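Report on the structure given below.
From a predicted model like this one, the values you see are computed outputs, not experimental measurements. Naming convention: chains lettered A, B, ... in sequence-line order (proteins, then strands); numbering from 1 in each chain.
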Amino acid sequence: MSDPDQRLYDLTRPPSAAAYLSEAWRRREFAILVPAQDLRAQNMGTVLGQLWHIANPALLVGVYFLIFGVVIDTSRGVENFLGFLIVGVVLFHLTQRVVQDSAVCISRNLGLIRSVQFPRILLPAATLNGQTAAFVPALVLAMAAVVATGERPSMRWLVLPAVLVAQFMFNFGAALLVARIGTSLSDLQQLLPHLFRLLFYASGVIFSVEAFVTSPGWRRAFALNPIYDVITCARWCLVGESVDGWVVVGLLAWCIALPVIGFAAFHRSEQRLGA
Amino acid sequence: MDPSVTVRVRDAHVYYRVYEDPVPGLKQIFAQGRARRRYRTIRALRGVSLDLHESETLGLIGANGAGKTTLLSAMTGLLPLESGSILGRCRPSLLGVSSALRPALSGRRNILIGGLALGFTRAEIEGRVDEIVDFSGLRDAIDRPMRTYSSGMRARLHFAIATARIPEILLIDEALAVGDEDFRHRSAQRIDEITSAAGSVVLGTHVMAEIEHHCDRVAWLDDGVLKAVGDPGEVVAAYLASTGSR
């Protein structure tokens, strides 16, 4: 139903995807400045403060290297195991943080949702931006550490930004989907750690899939895991591991499909979020 | 068609489903062989039609549970209608009973967050932050965490943020009732600013003094149906008579 003289428009019809996105884009500063504040608040009261954003992944690398590099040696088939481990841990950590925080980004902001009208997509977008910003110093440190392990910058390093953009796109899609599911199914919070434990082993963070998985069928199945695809491509760039075509195809498919699916799911139920 | 209409509600029905049991656990699903939950339908609005005009302050009264909050939320377009239509010149802003935006952060940071969500740029907010603080009257408390605010202080800050850019259509859901005299005076001025700029205000309240003070017309909502719309004095008198007779 529309008004004959066209001055009144239907308020109950949700905005089109294009109008919704342009509205969100107009308010993009929210998704940049608010997570910056939250990050600062996050480690307030700790001795290391902001250093925790790099200390955390660094300690993880240390623990894994102690167990899997020194005590039990899983470095079979890998030339530079420490570099291999650093790349895997840092990239895996990023996706895990984005997804786990997105699961609660709606419920944590109920006060804001109930008092101000704004495109809710800004909340998962803010989570993504915040975690990605916290990841940048860790990435810089990781690259320095990779050089310290004996790698030399090569032309392959130029491909790394493309891999990181693909991961960002994938993370965005995952954040939207998880934010949407997390609002109607609070069991998700309990489930996610287990999902990530599985993904952790299925991404070859601490071992070389090439060297340990001999069945070609299983090896192809690894290419279905987007985090494995990201880590493998990044290792190809930084520590000279090999990469096969399926991994590249898998990464491209995920980084295009998941944002579309995530956005569709999120946009469709916008009105019900936080109600 | 009347050109001064800012929001037009036609035969709006809003139903809520109220679930009688919680999300079924696995035990229930297996024991009863069903995953569907039982629910009752609450008919919160049953065919409400209403026009809101330029330069008008409309009072909205009715008992608890009569559907005032539902009608106001529906007018923002953010509540699915069962049937009927709601047309408007622009999307109204709704000011509800306030919870803190970010309880752990200071009032000043909450102004920034709320303003960004409302679509201000950072520079715009920083340019207006003094004005917002002055209007809220919370200069002494503005750097304290918002969780330490009283409900009246939260309401003041919210009102100040929400009206930092004068909205064309403002819906107020009992947000003024917790304020003190000083805040009432300030909010009355803001409401006058909106209506004198050809905007519209809807004031949902239980405080009849507020109605007499602000409103040009009053709508009385009873059990999801509009019982009367018209002159404040008459409608309020009829409403009070009906509550007295119960």
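- Ranked by non-hydrogen atom pairs under 4.5 Å with chain A, the options Ala104(B), Cys90(B), Ala162(B) are led by Cys90(B).
- Heavy atoms of Thr6(B) lying under 4.5 Å from chain A belong exclusively to its backbone.
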**OP:** With side chain to side chain contact (heavy atoms under 4.5 Å, CB included) as the test, would you mind laying out the steps for Phe118(A) and Leu116(B) before giving the verdict?
**Re:** CA-CA 9 Å; Phe118(A) 62 97; Leu116(B) 289 169; over 6 Å; no
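- Scanning both residues, Glu29(A) and Arg122(B), for their nearest heavy atoms gives OE1-N, 2.9 Å.
- Between the OG1 atom in Thr121(B) and the CZ atom in Arg27(A) there is a gap of 12.5 Å [rounded to 0.5 Å].
- Heavy-atom distances place the side chain of Leu81(B), and not its backbone, under 4.5 Å from chain A.
- No side-chain donor-acceptor contact under 3.5 Å links Arg89(B) to the backbone of Leu8(A).
- With a 4.5 angstrom heavy-atom cutoff, Leu94(B) touches chain A via backbone and side-chain atoms both.
- With a 4.5 Å cut-off on non-hydrogen atoms, Arg28(A) does not touch chain B at all.
- Rounded to the nearest 0.5 angstrom, Arg109(B) CZ and Leu33(A) CG are separated by 10.5 Å.
- The environment of Arg13(A) atom CZ is sparse: at most 12 non-hydrogen atoms of other residues, nucleotides or ligands sit within 6.0 angstrom.
- With chain A as partner, the option from Gly115(B), Gly114(B), Pro92(B) having the largest number of non-hydrogen pairs under 4.5 angstrom is Pro92(B).
- Between atom OG of residue Ser4(B) and atom CZ of residue Arg7(A) there is a gap of 8.0 Å, rounded to the nearest 0.5 Å.
- Judged purely by atom type and a 3.5 angstrom limit, Arg91(B) uses its side chain to pair as donor or acceptor with the backbone of Leu11(A).
- Environment of CZ in Arg268(A): sparse, with no more than 12 heavy atoms of neighbouring residues, nucleotides or ligands closer than 6.0 Å.
- Note that CD of Gln37(A) is 5.0 Å distant from CG of Leu112(B), once rounded to the nearest 0.5 Å.
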